[in-house]
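What follows is a single structure, written as structure tokens, with notes after it.
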Protein chains: 2
Amino acid sequence: MKTRRTQPRELRRRQLIESTIDSIARRGLAETRMADVAAGAGMSVGIVNFHFDSKQTLLAETLGYLSDEYYDAWTRARENAPADPLAQVEALIGMHFEPRICNQRRVAAWSAFFGEAGTRPTYQALCQKFDDEYLAQLVDLFGELIGPGEHARRAAMLLLALWDGLWQNLLLNPGGFSAAESEAVCLEWLHGLPLAKSGR
Amino acid sequence: MKTRRTQPRELRRRQLIESTIDSIARRGLAETRMADVAAGAGMSVGIVNFHFDSKQTLLAETLGYLSDEYYDAWTRARENAPADPLAQVEALIGMHFEPRICNQRRVAAWSAFFGEAGTRPTYQALCQKFDDEYLAQLVDLFGELIGPGEHARRAAMLLLALWDGLWQNLLLNPGGFSAAESEAVCLEWLHGLPLAKSGR
DNA sequence: TCATCCACTGAATGATCGTTCAATCAAACA
DNA sequence: TGTTTGATTGAACGATCATTCAGTGGATGA
């Protein structure tokens, strides 16, 4: 059996990735050291290079981990909501501000990677991995809500940008608006849209 | 007279700051080297430490330079627009997507600093320097447009977040939505607001 | 023309950090 | 219990970079 080798390996990798997120949130991406990551996981300096090819690989896999986690949360939010398009969008808005996804550690890490993504093809690809799909899903939902066409496309674009901007704001102004207020901003916008006949 | 010393000094400092923005836009903040900045300005390696105390000082002053430039653009946009609140907001929206402010170099630099601002008090302070004022001005404008209170506050918050998010999107999806489309998204939102009696 | 003053140069320095690897340890199996 | 296998350690290494500073050059004023 390979339990001994493979199982601990995956466990360690996850621990190290979580420790990387911690370090990015506490010290920033630029100040994150291999030694910090190892110490954060309670291990010695050489461990990261044993489980990951290099620091770059570790960081890329950390971003991929966050990206997959976000994708899961998105998918599950839709699955657990009524099939009605308004309820679907409301569920997605709610998901963006629930503590499991929208917490200081996660948002700080996302923001740090975004800041470097403009000049790093690897990060850019990972950030965009599901973007087309998110956009397409929202365009469909808004098509049902306010009718298909350019308006639906713009509504989808607005909501995606709004999530990014509100997350950024939560991070930079910790004493400012709360997650609850940010969610209220999204919902107020949604409920102010000129719904087509068949809404709710 | 001190012309010889002080005048070239300020000129060099500005050249080095512009070269820093170039380097951040091309290589990223993490990959920006003192040697890159000097070479970009056509000078030798030691020059940056001659005009700035350290790399950290150079980067902080670069962010301050961007912040002041943005403040000027904001102020001038309002000055050059009719006093009417709707026209004022439209002018601010237009300013956010005109090439002088919304170009790849500037937006890439902003985004890079934002990514590090969460963990660097110096950057955070510079990013937030005028934030309270921007918010207050928008709350006033929306107070006139849709009536004062929580709704005006949320509209102001939404627009600020939207600008951030749309800029981020322009940077990460260069082949996606254009600046013109981003502006259209803002304007469409603005014109869909339930205006108070005295609008326009 | 000479002296002075600085902006500027770039080789040298030293600190920081990612990476390597020989040695150690511990779990699983015979 | 002894053996094997692979995870883990951490000291040492080497590369990269910010920073320094003794020296250069050229402009200014006498």
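Computed from heavy atoms alone, side chains included, the values below leave out hydrogens, waters and symmetry copies. Naming: A, B, ... by sequence-line order, numbering from 1 per chain.
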Between protein and nucleotides 8-12 of chain C, what N or O pairs are separated by less than 3.5 Å?
unit_1, atom_1, unit_2, atom_2, d
C/dC8, OP1, B/Arg12, NE, 2.2
C/dC8, OP1, B/Arg12, NH2, 2.8
C/dC8, OP2, B/Arg12, NE, 3.4
C/dC8, OP2, B/His51, NE2, 2.6
C/dT9, OP2, B/Ser44, N, 3.1
C/dT9, OP2, B/Ser44, OG, 3.2
C/dT9, O5', B/Ser44, OG, 3.0
C/dG10, N7, B/Gly46, N, 3.3

What is the distance, rounded to the nearest whole Å, between atom CG of A/Asn49 and atom P of C/dT20? 6 Å
For B/Asp36, what residues pass the side-chain hydrogen bond (donor to acceptor under 3.5 Å, both in side chains) criterion, not counting sequence neighbours? B/Arg27
Please indicate whether B/Asp68 has more than 12 foreign heavy atoms, meaning atoms of other residues, nucleotides or ligands, lying under 6.0 Å from its CG. yes
Presence of salt bridge, B/Arg13 and B/Glu10, under 4.0 angstrom: yes
Specify the separation, in whole Å, of atom CG of B/Leu16 and atom P of C/dA7. 13 Å
Whole-Å gap separating C1' (C/dA7) and CZ (B/Arg13): 14 Å
From CG of A/Leu11 across to C1' of D/dG6 the rounded distance in Å is 16 Å
Donor-acceptor pair, B/Trp74 side chain versus B/Met95 backbone, under 3.5 Å? no
Might you point out which heavy atoms bring B/Leu135 and B/Ala156 nearest each other, and give the distance in Å? CD1-CB, 4.0 Å
Within residues 22-37 of chain A, residues whose heavy atoms come under 4.0 Å of DNA chain C: A/Thr32, A/Arg33, A/Met34
Close N/O contacts between protein and nucleotides 13-15 of chain D (under 3.5 Å):
none

Restricting to side-chain hydrogen bond (donor to acceptor under 3.5 Å, both in side chains), what partner residues turn up for B/Glu183, sequence neighbours left out? none
Can a salt bridge be assigned to the pair B/Glu18 and B/Arg106 using a cut-off of 4.0 Å between side-chain N and carboxylate O? yes
Listed by chain and number, what are the side-chain hydrogen bond (donor to acceptor under 3.5 Å, both in side chains) partners of A/Arg33, not counting sequence neighbours? A/Glu31
Report yes if some heavy atom in the side chain of A/Leu16 is under 4.5 Å from a heavy atom in the side chain of A/His51; otherwise report no. yes
Could you tell me whether the side chain of B/Ser182 and the main chain of B/Ser178 form a donor-acceptor pair under 3.5 Å? yes
